[in-house]
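Input: a single structure, listed below in structure tokens.
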Amino acid sequence: MKYDVIVVGAGPVGSTAARYAAMNGAKVLLLEEHASIGSPVGCTGLLSTRAVEECDLKPSDEFVFNSVRGAFVYAPEGQCLPVDGKHTRAYVVSRKNFDRALAVMAVEEGVELSLKTRAVGFEKENSETGTGTTGESGKKETGSPVKLRIVKNGKPGTVSASVVIGADGVKSRIASYAGLGRPARVLPGIQVEAPYASEDSDFVELFPGSSAPGFFAWTVPLDEKISRIGLAIDPELAFRNGYGENSPLYYLEKLLRSNPHIKARYSGGMLDFVVGGIPVGPQDKTYTGGVLLAGDAAGQAKPTSGGGVYTGAFAAKIAGRVAAEAALENDTSANRLSEYDRLWRKGLAKELEIGMKIHDYMGKLEDKQLNELIGSLNTPSILNTITEYGDMDHPSILMRKLMFSGNSLRLMKAFGTFIKTLF
């Protein structure tokens with residue numbers, strides 16, 4: 001049971017990493033601890049058009065419920081900031097079907113898929129075979145195969161690989177086994193699918209402020225009658241600001257019964273219920289000898305929205321290629337695998353850094369300050385700029401345009417000196 005690459009976790013990131021490893025000539029095993037792909041769901045299911053494209057998929061009725069072109073952002077006092085993208089900017093998807101489509105693509109590329117298989121530990125084998133490379137120490141570095149302990153259908157066993165890619169989510173066991181630590185922060189989230197009379201099913205609704213301390217609440221329409229309603233919070237910020245509760249369920253129940261806009265449209269009950277965590281801030285290192293991390297396991301989610309499919313798929317393609325090449329070269333040392341860390345950060349690190357600054361700034365604003373900020377943005381010229389340059393995956397583009405627009409004085413008054421710190 002020896003493979004070039006083993007990928008742990010068959011979500012979008014894991015399936016993409018496995019597929020790209022196979023495309024680059026590796027013998028690949030993809031492990032999924034659950035009995036089926038895409039279950040249980042732990043995601044809002046709102047994917048940017050770029051996220052779907054990054055996964056090498058085209059939108060399909062097989063997984064797309066609805067398309068979205070904008071957002072209604074509600075200030076705590078109720079004022080609405082309408083952000084209209086004018087054309088489709090995101091898709092509301094069935095994550096089960098979306099994930100399965102990606103797993104099928106991986107299998108068609110030659111990846112071996114093993115369901116009901118959980119990684120429970122690993123160890124490095126004593127092997128020094130291979131040509132290797134010369135590292136910083138001046139010594140030849142080859143790396144050692146990784147023996148992965150698994151439980152499949154309740155029975156223990158082992159499999160071996162030159163490289164293991166951990167795509168096993170925010171509570172990654174692979175990250176823990178490899179000593180790579182956790183993302184900087186994890187925001188607990190909760191969501192229900194429920195009867196909800198959407199004001200306009202082309203728009204999501206966002207509710208920043210004390211209704212979801214440290215992040216925001218949302219409604220995502222599947223159609224005119226059903227929406228996903230949820231939120232995520234920063235528990236430490238909730239306590240620090242004196243809200244007194246750090247349970248997402250508490251804030252969701254309060255939102256459903258107390259927010260005037262939602263209360264008027266929510267019919268009661270629920271059709272589905274999910275909980276999960278959003279990683280905010282990647283680890284200092286996402287590699288070590290024989291191991292790479294990708295997606296939520298590497299803290300690659302966007303701090304502004306919590307979305308992780310676009311960023312995760314971007315990194316997964318690099319991880320799959322680097323892992324395959326390193327395995328076939330017989331050099332899986334940390335020095336060789338550091339290429340992955342360097343390349344994904346080159347493409348994503350600046351955007352994640354700016355997103356983190358925005359996340360921290362917005363999360364600390366009190367309701368009164370948010371009311372003033374949203375009011376300041378609610379002008380035709382600023383809304384036109386948001387429409388033209390708003391980007392779910394690259395918020396820095398919009399922030400830069402706003403900073404150097406004719407509304408810069410108004411924005412400086414709204415944001416203070418914060419906006420200057422972004423670039």
Check the pair T385 / L398 against side chain to side chain contact (heavy atoms under 4.5 Å, CB included), numbers first and verdict last. CA-CA 8 Å; T385 301; L398 174 61; 4.2 Å; yes
Could you go through Y20 and D56, starting from their C-alpha distance and side-chain angles, then the distance that decides it, and tell me whether this counts as side chain to side chain contact (heavy atoms under 4.5 Å, CB included)? CA-CA 11 Å; Y20 269 72; D56 302 324; 2.9 Å; yes
Quick one: do M105 and E109 satisfy side chain to side chain contact (heavy atoms under 4.5 Å, CB included)? Show the steps, please. CA-CA 6 Å; M105 289 169 63; E109 201 62 51; over 6 Å; no
Could you go through R228 and L46, starting from their C-alpha distance and side-chain angles, then the distance that decides it, and tell me whether this counts as side chain to side chain contact (heavy atoms under 4.5 Å, CB included)? CA-CA 10 Å; R228 293 168 179 162; L46 180 69; over 6 Å; no
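Looking at E351 and T311, their side chains never come closer than 4.5 Å, going by heavy atoms from C-beta outward. Proximity of I262 to Y196: side-chain heavy atoms (C-beta onward) are separated by under 4.5 Å at one or more points. Between L337 and T288, the closest side-chain pair of non-hydrogen atoms is not below 4.5 Å. Side-chain contact between P303 and I358: absent, with no pair of heavy atoms (C-beta onward) separated by less than 4.5 Å. When side chains are defined from C-beta on, F216 does not count as touching M362, because their heavy atoms never get closer than 4.5 Å. Inter-residue side-chain proximity for H359 and K302 is flagged as unmet; no heavy-atom pair is nearer than 4.5 Å. Looking at P76 and S210, their side chains never come closer than 4.5 Å, going by heavy atoms from C-beta outward. Side-chain contact check for L222 versus N66: every heavy-atom pair is 4.5 Å or farther apart.
Shown here is E62, whose CD atom has no more than 12 heavy atoms of other residues, nucleotides or ligands within 6.0 Å. Within 6.0 Å of atom CG in N153, more than 12 heavy atoms from other residues, nucleotides or ligands are found, so the atom counts as buried in its surroundings.
Each of Y91, F63, F65 was scored for a ring pair (Phe, Tyr, Trp, His ring centres under 6.0 Å) with F98, with one residue passing: F63.
Classified by interplanar angle (parallel below 30°, tilted 30° to 60°, perpendicular above 60°), the ring pair W344/Y340 is tilted. Between F207 and H261, the ring planes lie tilted relative to each other; the angle falls in the 30° to 60° range. Using a 30° and 60° split on the angle between ring planes, H394 and Y310 fall in the perpendicular class, above 60°.
No donor-acceptor distance shorter than 3.5 angstrom exists from the side chain of E54 to the backbone of A313, with no hydrogens or angles considered. For S201 (side chain) and P221 (main-chain N/O), no donor-acceptor pair under 3.5 Å exists by modelled atom type. Between the side chain of N371 and the main chain of E77, a donor-acceptor pair closer than 3.5 Å is present. Within the 3.5 Å criterion, the main-chain N or O of G307 finds a donor-acceptor partner in the side chain of S305. A distance-only check finds a donor-acceptor pair linking the side chain of T117 to the backbone of L115 [under 3.5 Å]. Put simply, the side chain of R118 never gets that close to the backbone of E33: no donor and acceptor are under 3.5 Å apart. Side-chain atoms of D296 never come within 3.5 Å of backbone atoms of A301 as a donor-acceptor pair (strictly under, hydrogens ignored). Under a 3.5 Å cut-off, the side chain of Y177 and the backbone N or O of L180 do not form any donor-acceptor pair. When atom types are taken as modelled, the side chain of E193 and the backbone of I226 share no donor-acceptor pair closer than 3.5 angstrom. Without hydrogens or angle criteria, D341 side chain to K285 main chain gives no donor-acceptor distance under 3.5 Å.
The CZ atom of R19 sits 5.0 Å away from the OG1 atom of T16 when rounded to the nearest 0.5 Å. Distance check, rounded to the nearest 0.5 Å: CG of D393 to CD of E53 gives 10.5 Å. For the atom pair CG of L377 and CD1 of I382, the computed distance is 5.5 Å after rounding to the nearest 0.5 Å. Atom CG of L231 is separated from atom CG of L249 by 9.5 Å, given to the nearest 0.5 angstrom. For the atom pair CZ (R69) and NE2 (H87), the distance works out to 11.0 Å, reported to the nearest 0.5 Å. Atom-to-atom distance recorded for L148:CG and L29:CG is 8.5 Å, nearest 0.5 angstrom.
The two residues D168 and A297 come nearest to each other via the heavy atoms OD1-CB, 4.0 Å. When all heavy atoms of A90 and M392 are compared, the pair lying nearest together is CB-SD, 3.8 Å. Heavy atoms only, all atoms of each residue included: P82 and L383 are closest at O-CD2, 3.3 Å. When every heavy atom of A212 is checked against every heavy atom of A232, the shortest pair comes out as CB-O, 3.6 Å. I37 and A10 get closest at one heavy-atom pair: CD1-CB, 3.6 Å. When all heavy atoms of G269 and A194 are compared, the pair lying nearest together is O-CB, 3.5 Å.
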